[in-house]
Amino acid sequence: MPELPEVETVVRGLRPVLEGRVLAHVDVRRPDLRRPFPPKMAARLIGRRVERLARRAKYILMYLDDETVLIAHLGMSGRMVIERDASPPGRHDHVIFETEDGVRIVFNDPRRFGSMDLSDERTLDQHPLLRDIGPEPLSNSFNAPALTERLAGRKTAIKAALLDQRIVAGLGNIYVCEALYRSRVSPRRTAGTIAGKRAEKLVDAIRAVLTEAIEAGGSSLRDYVRADGELGYFQHQFDVYGREGEACVDCTCKGGIKRIVQGGRSTFFCSTRQR
DNA sequence: AACAAGACCTGCATGC
DNA sequence: TGCATGCAGGTCTTGT
């Protein structure tokens, strides 16, 4: 579920309850998610103060006051829920953080594709989960020449290339579909043929799509603790994702939006508008 | 090195 | 109702 904008929204929602707080209790309710938790994770976190929260690609980074960093990924189905009142743990509540002021942050993940690891702050960039990840799409280092260079020689479809976190960080199936649609680039186009104006349009579209989604998340965050405390989910209007057969909002093509499968994953697009 | 396919999990919608 | 199937917003690993 969570791509860059959702993870960014989760991070922003967690800041007010975690930054500056001491972790009074950490309850690890099973030994692993997708991979085993690091040894004695709970013991290493208890008593630490959270200095700050950040995001890199789709990872949540929790910087602690002893120079360790908790690296957390929500996988496909992970959520963070803020609870202010006591309630029994749910079926897939795998890790529960509790701050000194009694607020609990519950990591829930039915499919268990999420992961958590600990790293040293000084070597964070070299951590295996992070070291090969490409530029942040909303940073200055992501631009048309940089994207063109990273795609050069790639024979795979642009759809697959944009899902590759080494090319650009944080995109997933939804926002790749949306960005390709907006930039009028066919998902089937060979990645290595993206250059010049086309690359600029694609970069602009990626930025716009992500920025708008973060804003949508931000407005849902205004009362950031929803009734159920869940973070990161917000209703957002997509142009093509999940709209097979519907009319294309931007052209009068017959048949409307199509769904194809690329690399085992659904792609939604308009074959008239996207070339 | 690049690429495709399979694996890892559970839950839900759909169709018979 | 029960059961089978297909699908889900993400990585990782394996094999070509």
Side-chain angles (χ1 to χ4, degrees), chain A residues 1-11 29-37 55-60 71-80 90-95 107-117 127-134 137 149-181 187-194 206 209-210 212-214 216-217 220 230-245 257 259-269:
Chain A
M1 152 269 163
E3 302 185 28
L4 185 155
E6 290 78 23
V7 178
E8 179 64 29
T9 301
V10 169
V11 166
R29 307 189 66 253
R30 57 171 300 139
D32 62 311
L33 286 175
R34 177 153 192 224
R35 304 167 322 122
F37 289 117
R55 178 193 57 74
R56 171 76 172 114
K58 298 171 195 168
Y59 290 94
I60 298 165
I71 306 171
H73 196 290
L74 299 173
M76 292 272 268
S77 57
R79 309 146 189 247
M80 291 286 190
R91 180 146 143 63
H92 302 296
D93 291 348
H94 304 311
V95 182
F107 178 85
N108 175 285
D109 183 9
R111 288 177 77 180
R112 293 184 16 242
F113 284 177
S115 67
M116 287 191 190
D117 202 0
H127 190 283
L129 292 173
L130 302 178
R131 71 182 167 211
D132 296 326
I133 290 179
E149 188 184 331
R150 284 180 176 263
L151 294 175
R154 296 259 181 176
K155 295 280 196 291
T156 195
I158 186 63
K159 163 74 191 304
L162 292 177
L163 286 174
D164 184 340
Q165 302 296 296
R166 294 169 301 185
I167 303 289
V168 55
L171 294 179
N173 207 30
I174 291 179
Y175 295 108
V176 166
C177 290
E178 295 296 313
L180 288 170
Y181 176 76
R188 296 195 265 224
R189 174 175 280 277
T190 301
T193 69
I194 302 282
I206 289 168
V209 159
L210 295 176
E212 288 168 25
I214 290 171
S220 83
E230 182 173 323
L231 296 174
Y233 291 74
F234 38 89
Q235 70 295 358
H236 191 246
Q237 201 63 343
F238 302 123
D239 285 343
V240 285
Y241 188 82
R243 292 180 171 274
E244 181 181 16
I257 295 159
R259 173 183 173 273
I260 59 173
V261 175
Q262 293 178 289
R265 318 203 51 197
S266 292
T267 299
F268 297 90
F269 74 116

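Remember, it's a predicted structure, so these values are computed and weren't measured experimentally. Sequence lines set the chain letters: A, B, ... in the order given, protein chains first and strands last, and positions in each chain run from 1.
- Proximity of A/Arg91 to the phosphate of B/dG11: a side-chain N or O atom is located under 4.0 Å from OP1 or OP2.
- Residue A/Lys58 places at least one side-chain N or O closer than 4.0 Å to OP1 or OP2 of C/dG10.
- We find that the ring of A/Tyr241 and the base of C/dG9 do not stack by the test of centres under 5.5 angstrom and planes tilted less than 30°.
- Between A/Gln262 atom CD and B/dA4 atom P there is a gap of 10 Å when expressed in whole angstrom units.
- In this structure, A/Lys159 places its NZ atom 14 Å from C1' of B/dA4, rounding to the nearest Å.
- Of the listed nucleotides (C/dG9, C/dA8, B/dT10), C/dG9 has the atom at the smallest distance from the side chain of A/Asn173.
- Here A/His92 reaches the OP1 or OP2 of B/dG11: one of its side-chain N or O atoms lies under 4.0 Å away.
- Remark: the separation of the P atoms in B/dC9 and C/dT14 is 14 Å, to the nearest Å.
- A/Asp32 has no carboxylate O lying under 4.0 Å from a charged side-chain N of A/Arg34, or vice versa, which leaves the two without a salt bridge.
- Whole-Å rounding puts the A/Arg55 CZ to C/dG10 P distance at 14 Å.
- Atom CG in A/Asp132 sits roughly 11 Å away from atom P in B/dA2 (whole-Å rounding).
- Within the 4.0 Å cut-off from OP1 or OP2 of C/dA8, not a single side-chain nitrogen or oxygen of A/Arg111 is found.
- The side chain of A/Lys155 approaches B/dC3 more closely than any other nucleotide in the set C/dG9, B/dC3, C/dC12.
- The interatomic distance linking A/His73 (NE2) with B/dC8 (C1') rounds to 14 Å, in whole Å.
- Side-chain atoms of A/Tyr175 and A/Glu6 form a donor-acceptor pair, as typed in the model, at a separation below 3.5 Å.
- Checking the phosphate oxygens (OP1, OP2) of C/dT11, a side-chain nitrogen or oxygen of A/Gln165 falls inside 4.0 Å.
- Stacking is found between A/Phe113 and the pyrimidine-like six-membered ring of the B/dC8 base under the 5.5 Å centre-distance and 30° plane-angle cut-offs.
- For A/Arg34 against C/dT11, a side-chain N or O and a base N or O form a donor-acceptor pair under 3.5 Å.
- Side-chain atoms of A/Arg154 lie closest to B/dC3 of the nucleotides C/dC7, B/dC3, C/dG10.
- Separating the CZ atom of A/Arg35 from the P atom of B/dC9 is a distance of 13 Å, rounded to the nearest angstrom.
- A 6.0 Å sphere centred on CD of A/Glu149 holds no more than 12 heavy atoms belonging to other residues, nucleotides or ligands.
- Regarding contacts with the backbone of B/dC9, every side-chain N or O of A/Ser77 stays at 4.0 angstrom or more from both OP1 and OP2.
- Ring geometry for A/His94 against A/Phe107 counts as tilted: the plane angle lies between 30° and 60°, on a 0 to 90° scale.
- Side chain of A/Ser115, nearest nucleotide from B/dG11, C/dG10, C/dC12: C/dC12.
- One distance of note links CG of A/Leu151 with CD1 of A/Ile158; it measures 4.5 Å at 0.5 Å rounding.
- Here C/dG9 presents its P atom at 16 Å from CG of A/Leu210, a figure rounded to the nearest Å.
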